[in-house]
Amino acid sequence: MVDYHAANNQSSAGGVQTYMEQENDWDRDMLLDPAWEKQQRKTFTAWCNSHLRKAGTQIENIEEDFRDGLKLMLLLEVISGERLPKPERGKMRVHKINNVNKALDFIASKGVKLVSIGAEEIVDGNAKMTLGMIWTIILRFAIQDISVEETSAKEGLLLWCQRKTAPYKNVNVQNFHISWKDGLAFNALIHRHRPDLIDYDSLRKDDPVTNLNNAFEVAEKHLDIPKMLDAEDIVGTLRPDEKAIMTYVSCFYHAFSGAQKAETAANRICKVLAVNQENEQMMEDYEKLASDLLEWIRRTIPWLENRTQEKTVNDMQAKQEDFRDYRCVHKPPKVQEKCQLEISFNTLQTKLRLSNRPAFMPSEGRMVSDINGAWHTLEGAEKGYEEWILSEIRRLERLEHLAEKFHQKAAIHESWTDGKEAMLTQKDYETSTLSEVKALLRKHEAFESDLAAHQDRVEQIAAIAQELNELDYYDSASVNARCQKICDQWDVLGALTQRRKDSLERTEKQLESIDELYLEYAKRAAPFNNWMEGAMEDLQDMFIVHNIEEIQGLITAHEQFKSTLPEANKEREAIQSIQAEVQKIAQSNGIKLTGANPYTTITPESIDKKWEKAMAMVPLRDTALQEELNKQNSNDSLRAKFATQANAVGAYIQDKMEEIGRISIEMNGTLEDQLTHLKDYQKTIMTYMPEINKLEGFHQHIQEALIFDNQYTSYTMEHLRVGWEQLLTTIARTINEVENQILTRDAKGISQEQLYEYRASFNHFDKDHTGALQAEEFKACLISLGYDVENDKQGDGEFARIMSIVDPNGTGAVTFQAFIDFMSRETTDTDTADQVIASFKILAADKNFILADELRRELPPDQAEYCIARMAPYMGPDAIPGALDYMSFSTALYGESDL
């Protein structure tokens, strides 16, 4: 039977809290399921009788027999081994209430807080309150002291059941209700400890009643565990009562507690192996994550370094959209992976130090520094790629503008030169009269003026073609061909012009008269016509500006042009008056004009038509310039919006970086409080993410508007992105540092007061608040903690030994984590190779070797196979076939030798 007397002194603050949670759970369950109530009555009655029979009595009805408090006080005396106050023997209600109160006071003295259970309900026979009280007694005196691998009470009992039933088929214990319904778990517990009592292989999962009755009968007959439940009640209930099952199973636990020594030894080995397996898994996870991240960087950098030029602005904008998608969709998860990789690496190293394992060295090229270097290269390529895209868009935009301008000027010039070669090669002067020849000569002079005026246009066309070639325009071949054709034609026109002039001058001596009015008209009409053509060309000229100043300059130039129109109109009227004077003279002198002005092809009608056309273009130009001014005002508004948000975000990031620096130095409270505060602080920071996204939206609008400068702020989007990522990474690293301190504290058993003392000492000597102590600062800190290193010189004595531990790389600085590791190593104990060897020796029955069957019997399957795969054959003089060397295996776990 179970010895409950030792439970008397095991109450604790943790136990009180556990019972409060259990009782609150009971209180919330205000109406018991009838089937559960039946099971609890039967189970609790049997449990109480298993103890009351030691006093020569028992109960029949659980809510009736405890009403006077006498048997309740007797039950508590039996299970606690203590004497309660003398009961009152009167039959009145007040006597019964006093007795029950004595029992409840005794329960409360054991650290149990009774919620909603009063003496009046017990005296009145309240079934629900009576069952709740008995359940509280069972928890306190039968389940509280169960402990398996640092877990206690319900969790410890469940873990014990899972460990014991793990090798059995069709058994999967996950709770204290459904997992026990088919009876196999009860039989597996008995078979694990007493295989001679159960033929487990003969049991069938589809016959739960037989299985349950078999387990209950064997337990009652051979293990002195009374039958507390009926198989039919369990099978007939959809979900058996958890408290009834826990009570029954706790009796099995105490019945088999004699096998605890071997189990404790196995647990120690399991713990050590679990640490090793977990560390190996973390190493594998780190290697895979590092490889995947480096591979992604390796694949991404060539894409960012690709400088293949596109032919059009739209093609380059498509590349810009792909890059924006990379920035917003593909890169952020990789930033998180990089941060997680650093956190995993730091956590792994901390766990290895805490378990006295050698430090983890990743494969070549996969160190955190290697990843940081690759990441730096990636960001450099990223910045270069973004700058290249923007410069290419500017270049292509300039090219498209120049190409349009080239083709426009070329078309105007080709239209002007059309027919000019035929005109210059005709021999009309050979049959003309003197006046006609003189007219032809003057016409030719007017043409020369026109030709000279077009010289600037030809030079402009050639200059634009040259600029297109220098900017590597994709269709330079066609541009060059057209330009060459224009230049060749221009040379021909020059030669033909000179040849015709020579011919006319030879004939001029024979010609006398010339019509001065026609000549004057031609001389004034040609420049005016050319001015109108130039004006129309300017009014149709495309423009590209990048700021308000440039568009305002164009508007100013256009206003100046409009101010010249009145004078130009006077010139037009003067030219038209010359033609009117010709008509007047001809009419007054009876002269019959047989054709057009012999000196020019420019007619008054064409002048008026071009003038009207030019005047119609003026308001169109006004509209285009105003639209561009509105666009530039909108762009300036975008700059201001981005600058306002960027300045706010930049100041926020800078403030938070300074604030997290202060928090990491001035943290108070328990480590859990600090961790909670940091995580809350991290959540607070993440609430600012919409402001970052808002800024990204402004940045996208600026890029879409092709805005390349911003005089309102010194911040760039790249600068703020890097600052935001650094802020998130700093917070994550600070949280990881506190988590590692918690791991150190829990693993080494360091008290909160010790951690406060260590932190206070460290911060006191960390004068510059860098988070690390220089050698002399660390030495002063050790002296303040009682270490005798005052007379040691650097490199000698005890101080040199300590520095080799806390600063193995010889950097000359000691971090707080290294300081905590050293102090915990100095003040606490950890598992050692000798302790593990002693545990294996227990499992091996004091032999110098162990067999595979012994490992499989005492350890969980996965850890047993882990040991078998790594243990070398035992070669000692007492070796037998299959003997395994557990000593060398144990020392290898702590890095003292190779497996």
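Basis for what follows: all heavy atoms, side chains included, without hydrogens, waters or symmetry-related copies.
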Is any side-chain heavy atom of [X] closer than 4.5 Å to a side-chain heavy atom of [Y]?
X      : Y      : value
Thr601 : Phe447 : no
Lys641 : Ile702 : no
Phe345 : Leu289 : no
Glu337 : Leu341 : no
Tyr326 : Thr300 : yes
Ile343 : Ile735 : no
Lys656 : Ile731 : no
Arg366 : Asp370 : no

[X]-[Y] side chain donor-acceptor pair, cut-off 3.5 Å:
X      : Y      : result
Glu404 : Gln408 : no
Gln626 : Asn630 : yes
Gln700 : Glu696 : no
Glu725 : Thr729 : no
Asn740 : Gln349 : no
Asn569 : Arg572 : yes
Tyr712 : Asp636 : yes
Asp450 : His454 : yes

Please check: side-chain N/O of [X] versus main-chain N/O of [Y], any donor-acceptor pairing under 3.5 Å?
X      : Y      : result
Thr730 : Gln726 : yes
Thr377 : Gly373 : yes
Ser606 : Ile602 : no
Asn306 : Pro302 : no
Ser577 : Ala574 : yes
Asp325 : Glu321 : no
Lys420 : Trp416 : yes
Gln645 : Glu691 : yes

Counting neighbours of [atom1] on [X] that are heavy atoms of other residues, nucleotides or ligands and sit closer than 6.0 Å, is the number greater than 12?
X      : atom1 : answer
Lys383 : NZ    : no
Lys523 : NZ    : no
His401 : NE2   : yes
Glu658 : CD    : yes

Quiz item: For Met717 and Gln703, what are the C-alpha separation, side-chain angles and deciding distance, and is it a side-chain contact (heavy atoms from CB on, under 4.5 Å)?
Solution: CA-CA 11 Å; Met717 194 65 234; Gln703 287 192 324; over 6 Å; no
Practice problem: Apply salt bridge (charged side-chain N to carboxylate O under 4.0 Å, His left out) to Lys288 and Asp292, showing your working. | Solution: CA-CA 6 Å; Lys288 183 178 185 305; Asp292 293 346; 2.9 Å; yes
Show the nearest heavy-atom pair for residues [X] and [Y], with the distance to one decimal.
X      : Y      : result
Glu287 : Ser363 : OE2-N, 2.8 Å
Ile607 : Ala525 : CD1-CB, 4.0 Å
Gly650 : Leu720 : CA-CD2, 3.6 Å
Trp388 : Lys319 : CH2-NZ, 3.9 Å
Met367 : Tyr286 : C-OH, 3.6 Å
Leu304 : Phe323 : CD2-CE1, 3.9 Å

Quiz item: Who pairs with Ala522 by side-chain contact (heavy atoms from CB on, under 4.5 Å), at least two apart in sequence or on another chain?
Solution: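 Applying side-chain contact (heavy atoms from CB on, under 4.5 Å) to Ala522 gives Ala446, Tyr599, Thr600.
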Quiz item: In chain order, what residues pass the salt bridge (Lys or Arg N to Asp or Glu O under 4.0 Å) check against Glu305, with sequence neighbours excluded?
Solution: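 Expected list: none.
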Ion pair present between [X] and [Y], side-chain N to carboxylate O less than 4.0 angstrom?
X      : Y      : answer
Glu718 : Arg721 : yes
Lys338 : Glu342 : yes
Lys570 : Glu567 : yes
Lys331 : Glu382 : yes

Exercise. Supply the atom-to-atom distance Gln489 CD to Asp418 CG, rounded to the nearest 0.5 angstrom.
Key: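 The distance works out to 8.5 Å.
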Quiz prompt | Atom pair CZ (Arg733) and CG (Asn346), whose distance is rounded to the nearest 0.5 Å | solution = 8.0 Å
Practice problem: Take the angle between the ring planes of Tyr688 and Trp724 and call it parallel below 30°, perpendicular above 60°, tilted in between. | Solution: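 Tilted, since the angle between the ring planes falls between 30° and 60°.
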Quiz prompt | His701 and Phe698 aromatic ring geometry - parallel, tilted or perpendicular at 30°/60° bounds | solution =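 Tilted: the ring planes of Phe698 and His701 meet at 30° to 60°.
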Quiz item: Considering the options Glu672, Lys679, His677, which one meets the side-chain contact (heavy atoms from CB on, under 4.5 Å) requirement together with Leu675?
Solution: Lys679
Practice problem: With ring-ring contact (aromatic ring centres under 6.0 Å, His included) as the test, would you mind laying out the steps for Tyr715 and His719 before giving the verdict? | Solution: CA-CA 6 Å; Tyr715 289 109; His719 179 199; 5.5 Å; yes
Practice problem: Any chance you could lay out the side-chain hydrogen bond (donor to acceptor under 3.5 Å, both in side chains) test for Ser344 and Gln340, step after step, and finish with the verdict? | Solution: CA-CA 6 Å; Ser344 299; Gln340 184 59 44; 3.3 Å; yes
Quiz item: Yes or no on side-chain contact (heavy atoms from CB on, under 4.5 Å) for Glu387 and Leu390, after CA distance, side-chain angles and deciding distance?
Solution: CA-CA 5 Å; Glu387 293 173 350; Leu390 293 177; 5.9 Å; no
Quiz prompt | Trp303/Arg299 under side-chain contact (heavy atoms from CB on, under 4.5 Å): CA gap, chis, key distance, verdict | solution = CA-CA 7 Å; Trp303 176 67; Arg299 293 196 313 268; over 6 Å; no
Quiz prompt | Evaluation steps, salt bridge (charged side-chain N to carboxylate O under 4.0 Å, His left out), between Lys485 and Glu414 | solution = CA-CA 10 Å; Lys485 181 179 178 181; Glu414 289 167 348; 5.8 Å; no
Exercise. Kindly indicate, with the supporting measurements, whether the criterion side-chain contact (heavy atoms from CB on, under 4.5 Å) is fulfilled by Gln560 and Thr564.
Key: CA-CA 7 Å; Gln560 291 174 351; Thr564 64; over 6 Å; no
